[in-house]
Number of protein chains: 2
Amino acid sequence: MENNSCIRQQADIEQIDRCKESVSELDESFDYLANGLSLVGNSVRLKILYLLFIEKRLCVCDLSDILGMNISAISQHLRKMKDRNLLETERDAQTIFYSLTAEYEKLLNPFFEILDKNKILETI
Amino acid sequence: MENNSCIRQQADIEQIDRCKESVSELDESFDYLANGLSLVGNSVRLKILYLLFIEKRLCVCDLSDILGMNISAISQHLRKMKDRNLLETERDAQTIFYSLTAEYEKLLNPFFEILDKNKILETI
DNA sequence: TATGTATTTAAGTATTTGCTTAAATAAGAA
DNA sequence: TTCTTATTTAAGCAAATACTTAAATACATA
């Protein structure tokens, strides 16, 4: 961690200090939120989230069929999202259905709407 | 890519097909959006984005000071975000100021507000 | 009980990512 | 031009990530 300080004279010291303080106050929040967003920032998981948004609930098998991917790979993605409370499960005999938690359905709504309108490439 | 199909009989074939179609239609959009979100889903970059949201513009040096990180590391994060149009630059003599693009300022606003209220740990 | 279906978990591997170091580029001042 | 400051870029390495394969667990039914 060398070279981590600047030599310049013209810098707004007050601004730097204010920023340092606000970052250190929110430090855990940044880590937590970034972790949640990194889960969404993967195209396989984003597809899963979108599909659950549209279809309300799906099982591992369904998602495996739809995405043409190994069941185990899907299951591992689902586990990560369940552990971070993006998803919740509901058992129906042998089948385990996954669905979006209410909080993330709401939080991700703007992104899903963009996808839904297929306008992503124009607007972002 | 073995074991990617399920054996079960009870599956909503129509649902599966509908989902397959909608995923394949939006395929590029998923990749593009996931890539954007993966940039935000890193705590260093999230901090940078938040700081730019609050302070409007900062240079590499400022961010290096604030985050206590190597200038080169910061510069590489900034480049990624600039390449993906999350950030834009403005030169003032030797100093290059980075700021949020209008689109991402708007899109990320809900997340910044959560951070701003320091309510992240309670609400998500 | 044994058998089949649904899902998860563990271990291994290949790719990606973030950071470090050092060198390169850009612009202002002496 | 040379020197200093500001920033970027390239190369290398260590840690994280996604996927594969194989084995384990859970539940229903014969």
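Quick caveat, the model's predicted, so the values are computed rather than measured. Residue numbers begin at 1 in each chain, while the letters A, B, ... track the order of the sequences.
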For nucleotides 1-5 of chain C, which of its nitrogen or oxygen atoms have a protein nitrogen or oxygen under 3.5 Å away, and what is each distance?
| unit_1 | atom_1 | unit_2 | atom_2 | d |
| --- | --- | --- | --- | --- |
| C/dG4 | N2 | A/Q94 | NE2 | 3.2 |
| C/dT5 | O2 | A/Q94 | NE2 | 3.0 |

Using side chain to side chain donor-acceptor pair (under 3.5 Å) as the criterion, list what pairs up with [X], not counting sequence neighbours.
X	value
A/T89	A/K82
B/N109	B/E113
B/E88	none
B/Y98	none

Applying salt bridge (Lys or Arg N to Asp or Glu O under 4.0 Å), which residue pairs with at least one partner in [range] are found, sequence neighbours left out?
range	result
residues 67-80 of chain B	B/R79-B/D83
residues 38-51 of chain B	A/D27-B/K47
residues 13-24 of chain B	A/E55-B/R18

Validation row: A/R84, A/N35 side chains within 4.5 angstrom (heavy atoms):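 A/R84 reaches A/N35 side chain to side chain.
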Helix axis bend for the helix from C/dT1-D/dA30 to C/dA30-D/dT1 - C1'-based end axes, five pairs, 10° rounding: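 It works out to 10° between the end axes.
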Salt bridge (Lys or Arg N to Asp or Glu O under 4.0 Å) partners for B/K56, two or more places apart: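 Counting only residues at least two positions away or on another chain, B/K56 forms a salt bridge (Lys or Arg N to Asp or Glu O under 4.0 Å) with B/E105.
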At a cut-off of 3.5 Å, list every protein nitrogen or oxygen paired with a nitrogen or oxygen from nucleotides 10-17 of chain D, distance to 0.1 Å.
none

Under-4.0 Å side-chain N/O to phosphate OP1/OP2 contact, B/N70 with C/dT20: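 Yes, such a contact exists.
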Presence of A/R79 side-chain N/O under 4.0 Å of C/dT8 phosphate oxygens OP1/OP2: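 For C/dT8, neither OP1 nor OP2 has a side-chain N or O of A/R79 closer than 4.0 Å.
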Give [X] one of three labels, base, sugar-phosphate or nothing, depending on what nucleic acid heavy atoms sit under 4.0 Å from its own.
X	result
B/Y98	sugar-phosphate
A/T95	sugar-phosphate
A/A93	sugar-phosphate

Residue closer to the 5' end of DNA chain D, A/D92 versus A/H77 (nearest nucleotide):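 Here A/H77 is the residue nearer the 5' end.
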Strand-adjacent residues in residues 47-57 of chain A, judged by heavy atoms under 4.0 Å from DNA chain C: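 Hits under 4.0 Å, by residue number: none.
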